[in-house]
Number of protein chains: 2
Amino acid sequence: MPGESPDTAAPKTSPELRADARRNRERILAVARVVVEEQGTEASLRDIARRAQVGLGTLYRHFPTREALLEALLRQNFDRLAARAQALGESEAPYEALVAFLGDLIGGAGAYRGLAASMMATISDEESPLHASCAAMRSAAGHLLERAQAAGRIRADVDGTDVFALVNALSWITDQAPSLASRRDHLFALVMSGLAPPS
Amino acid sequence: MPGESPDTAAPKTSPELRADARRNRERILAVARVVVEEQGTEASLRDIARRAQVGLGTLYRHFPTREALLEALLRQNFDRLAARAQALGESEAPYEALVAFLGDLIGGAGAYRGLAASMMATISDEESPLHASCAAMRSAAGHLLERAQAAGRIRADVDGTDVFALVNALSWITDQAPSLASRRDHLFALVMSGLAPPS
DNA sequence: ACCTGAACACCGTTCAAGT
DNA sequence: ACCTGAACACCGTTCAAGT
């Protein structure tokens, strides 16, 4: 039959990028990972395009905003964290599960310099491509938090956004003053003990 | 006697700025206060010079770095905070004195958007003109902290830099997500309770 | 459909030339 | 002594022209 090719019913997960486009997208992402590692989330987009040997407009075509690029860069990390939250949500030790997840969140936000700031900014900026991912993290934290609260291990007057903010703030401290990196776990423990119900 | 003018022994607090220079310096500072209020600590220096009706080089002559300008802008605030710490250091309620000072510190760091970040960065950057002022704040916090620790109200494994970092981190949260401003006092209380000795 | 890079409007920083 | 603004080397963002 005319117009029917063998693989018409193939899984069209993404809207069929042309071969060269697909290659460029991957090159950009690979280079961006390196450059953001070096320069942080405020890295020069020009520099990324240059090093990827791609026109500046090409970078903008694939990633219309800096946040869009960051989102693609963090896609895997977010998915992994979401899966972790899911698994921990069925743990039998609600408080320990919460602490474990928040520890991972701190680690994740510490992946790139400036990332904690980028993530916090999404709370106010609903248009950011990172907004959805971060909202998911906040609600995952919220769920684990509720369980810990139900178990009487966390005060009732705290919500998911509070702990998300506090945890990001801890990552930010290390961002700004690398010399305080060694205090991070300690500060985390202090903040967590502040969330315990008044005895 | 030759070369002896009437006011030779006058108090030479600053090295005698020429009249026009002195005027420019004040104009720059006045304008900078407005612009930094608007745009935060990363405000455009060009914009400040422009609005102060001063050549760009003139701004650089008076304030060789952005931090130098910020330091001049915050001189009064720092002096006021230092005096407050001094007064509180003689208070009879060590814990309440510490809380009061940290509350002022949070308020101060919230004066301009980005200020918390600028202050935290001085920990690592010893060359910054803000370094001395912030170190003074940290040691003032350290002194009040020690008294509260001696009174058994704060755990022993916390130092002045820790509380300085935590307090700045709280200011930063509001910086990044203005919608969380209403939670600031609450989060401050939570963090403070985390600094209480384990019961 | 996609790529390219020039063009535009901004930066921070320096410094030769002026008064 | 001090002021000025052009010059330099960067940005982010857009878009007409190409394939």
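What's counted below: heavy atoms across the whole structure, side chains too, no hydrogens, waters or symmetry copies. Owing to the predicted nature of the structure, the values given are computational and were not obtained by experimental measurement. Throughout, a chain's letter reflects where its sequence line sits, starting with A, and its residues are numbered from 1.
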Practice task
Name the pairing partner of D:dC2, where a pair is Watson-Crick or G-U wobble with both distances under 3.5 Å, or state none.
Solution key: C:dG18

Practice task
Go ahead and name the base partner of D:dA7; Watson-Crick or wobble counts if both distances stay under 3.5 Å, otherwise write none.
Solution key: C:dT13

[X] has an atom [atom1]; how far is it from atom [atom2] of [N], in whole Å?
| X | N | atom1 | atom2 | result |
| --- | --- | --- | --- | --- |
| B:R46 | D:dC11 | CZ | C1' | 12 Å |
| B:L56 | C:dC10 | CG | C1' | 13 Å |
| A:L45 | D:dC10 | CG | P | 16 Å |
| A:Y60 | C:dA6 | OH | P | 16 Å |
| B:E16 | D:dC2 | CD | C1' | 15 Å |
| A:R50 | D:dA9 | CZ | C1' | 11 Å |
| A:L17 | C:dC2 | CG | C1' | 10 Å |
| A:H62 | C:dC2 | NE2 | C1' | 8 Å |

Charged N to carboxylate O below 4.0 Å: is that the case for [X] and [Y]?
| X | Y | answer |
| --- | --- | --- |
| A:D20 | A:R23 | no |
| B:R66 | B:E71 | no |
| A:E37 | A:R33 | no |
| B:R113 | B:D175 | no |

Exercise for the section: Would you mind telling me which of C:dC3, C:dT4, D:dA1 lies closest to the side-chain atoms of A:R61? Expected result: C:dC3

Completion exercise
Of the listed D:dC3, C:dC3, D:dG12, the closest approach to the A:R66 side chain comes from D:dG12

Completion exercise
The answer to which of B:T58 and B:R18 contacts DNA chain D further toward the 5' end, by nearest nucleotide, is B:R18

Handout entry: Any donor-acceptor N or O pair under 3.5 Å, side chains A:Q39, A:D47
Key = yes

Practice task
Select base, sugar-phosphate, or nothing to describe what B:A43 touches, counting heavy atoms under 4.0 Å on all strands.
Solution key: sugar-phosphate

Practice task
Would you mind classifying the nucleic acid contact of B:A49 as base, sugar-phosphate or nothing, using non-hydrogen atoms under 4.0 angstrom?
Solution key: nothing

Exercise for the section: Check whether any side-chain nitrogen or oxygen of A:S44 sits under 4.0 Å from OP1 or OP2 of D:dC10, and answer yes or no. Expected result: no

Handout entry: Distance below 4.0 Å between B:N24 side-chain N/O and D:dC2 OP1 or OP2
Key = no

